[in-house]
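Contents: one structure, followed by commentary.
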2 protein chains.
Amino acid sequence: MHQPEHLKNAGLKSTVPRLKVLSLFESGQERHMSAEDVYKLLLASGDDVGLATVYRVLTQFEQAGLLVRHYFEGGKSVFELNQGKHHDHIVCLQCGRVEEFYDTAIEARQEKVAADRGFSIRDHALHIYADCTKKQCPHKV
Amino acid sequence: MHQPEHLKNAGLKSTVPRLKVLSLFESGQERHMSAEDVYKLLLASGDDVGLATVYRVLTQFEQAGLLVRHYFEGGKSVFELNQGKHHDHIVCLQCGRVEEFYDTAIEARQEKVAADRGFSIRDHALHIYADCTKKQCPHKV
DNA sequence: ATCGCAAATGAGAACGATTATCATTTGCAT
DNA sequence: ATGCAAATGATAATCGTTCTCATTTGCGAT
Ligand SMILES: [Mn+2]
Ligand SMILES: [Mn+2]
Ligand SMILES: [Zn+2]
Ligand SMILES: [Zn+2]
């Protein structure tokens, strides 16, 4: 096991709830999860962690740089493991599937747009909402 | 006055609250406003409209295509007059100022990214969060 | 102008996501 | 094993938004 190290390095002491949340993300079974998603998946697997703790831990992990938070439409934040490389998202309006992409041209153009207007970019979010045209889309999971 | 026509054309009957909300947006004093912003500005100008009505009217105007809704970070939706041409936003993290832009290259690249992955775009939102480097930024209004 | 009535309004309750409170438990350095 | 700051979890509180429902209003037909 190496999770305890991750937490230590992040300056967080290694507690049971934190280890459970972290390994859920590291399990890879679901890459983008809301607090509610995490809470329910943990309950389902027999590990019960308080909902308040889930929220707290997700925020701490975000601050520690272990997770990245996204604000998609629909109100609830979604988290994913921080794998170091920035990327943007396409969300399927039919099935909710989230696909990741990174486009150098778009990234470069954003810098130019900002610079031209006297801004220095801190962060950005590009969310494309679309319909899968492929059969892989279960249209309403 | 031409607001009543706008409402008629949108299939909405011309009521006092709807006219007040519409003319607030048309006054141009503030381009991007949340429901709370609208509610408070109307109260401040002596026109009292119920908060529930403000929410209802904003949603109806959005559906009618009179307003466009944006989901910036921070939870609350923001509305602006629909001037027909799509654009994206740069938000200053210091003063909250919102600047608009439209970049053909970015728009085109998004289409390509989506098409390459078998998606057909319905909508998208590109939010750049940045700091104004110019003096015009009041750094905390 | 008056009527009639469906549509709209507004006060307040309800809601869903998130945060705050605080008594109890736990990790961990000694 | 002990002590204690830090973390947890049940619950209350908060925030933005939507719902409910009794009252009011816009407006087409008289
Ligand atoms: Mn992602
Ligand atoms: Mn705008
Ligand atoms: Zn799909
Ligand atoms: Zn600024």
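Atom set for the values below is all heavy atoms of this structure, side chains included, hydrogens, waters and symmetry mates excluded. Chain identifiers are assigned alphabetically (A, B, ...) following the order of the sequence lines, protein sequences preceding nucleic acid strands; residue numbering begins at 1 within each chain.
Of the side-chain N and O atoms in A/S77, none sit less than 4.0 angstrom from OP1 or OP2 of C/dA17. Under 4.0 angstrom from either OP1 or OP2 of C/dT19 there lies no side-chain N or O belonging to A/Y55.
Along DNA chain D, read 5' to 3', the first and last nucleotides having any atom under 4.0 Å from a heavy atom of chain B are D/dG16 to D/dC27.
Side-chain N/O atoms of A/H87 and A/E80 include a donor and acceptor closer than 3.5 Å. Side-chain contact check for A/H86 and A/H124: at least one donor-acceptor pair (N or O, by modelled atom type) lies under 3.5 Å.
In this structure, A/L12 atom CG and C/dC28 atom P are separated by 11 Å, rounded to whole Å. Between B/E73 atom CD and C/dA17 atom P the separation is 19 Å, expressed in whole Å. A/K40 places its NZ atom 11 Å from the P atom of C/dG16, with the value rounded to the nearest Å. Atom CD in A/Q60 sits roughly 12 Å away from atom P in C/dT19 (whole-Å rounding).
Residues B/A52 and B/G11 both approach DNA chain C. Their nearest nucleotides, taken by heavy-atom distance, put B/G11 toward the 5′ side. Both B/K13 and B/L51 sit near DNA chain D, but only B/L51 has its closest nucleotide nearer the 5' end. Nearest-nucleotide assignment on DNA chain C puts the 5′-proximal partner with B/R56, out of A/S14 and B/R56.
Judged by distance alone, with hydrogens and angles left aside, the side-chain atoms of A/R18 form a donor-acceptor pair with the main-chain N or O of A/K13 at under 3.5 Å.
Hydrophobic clustering, defined by side-chain heavy atoms of Ile, Leu, Val, Met, Phe, Trp and Tyr closer than 4.5 Å, groups A/I128 together with A/I90, A/F101, A/I106, A/V113, A/F119, A/I121, A/L126, B/I90, B/F101, B/I106, B/V113, B/F119, B/I121, B/L126, B/I128.
Taking the six-membered ring where the residue is Trp, A/F72 and A/H127 present perpendicular rings, their angle passing 60° and hence far from 30°.
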Given side chain to side chain donor-acceptor pair (under 3.5 Å), test A/T53 with A/R56 step by step and report yes or no.
-> CA-CA 5 Å; A/T53 301; A/R56 260 187 312 241; 3.1 Å; yes
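The side chain of B/T15 has C/dT9 as its nearest neighbour among C/dT9, C/dG10, C/dA20. Closest to the side chain of A/K76, from the set C/dA17, C/dG12, C/dT9, is C/dA17.
Across all strands, B/S34 comes closer than 4.0 Å to no nucleic acid atom at all (heavy-atom distances).
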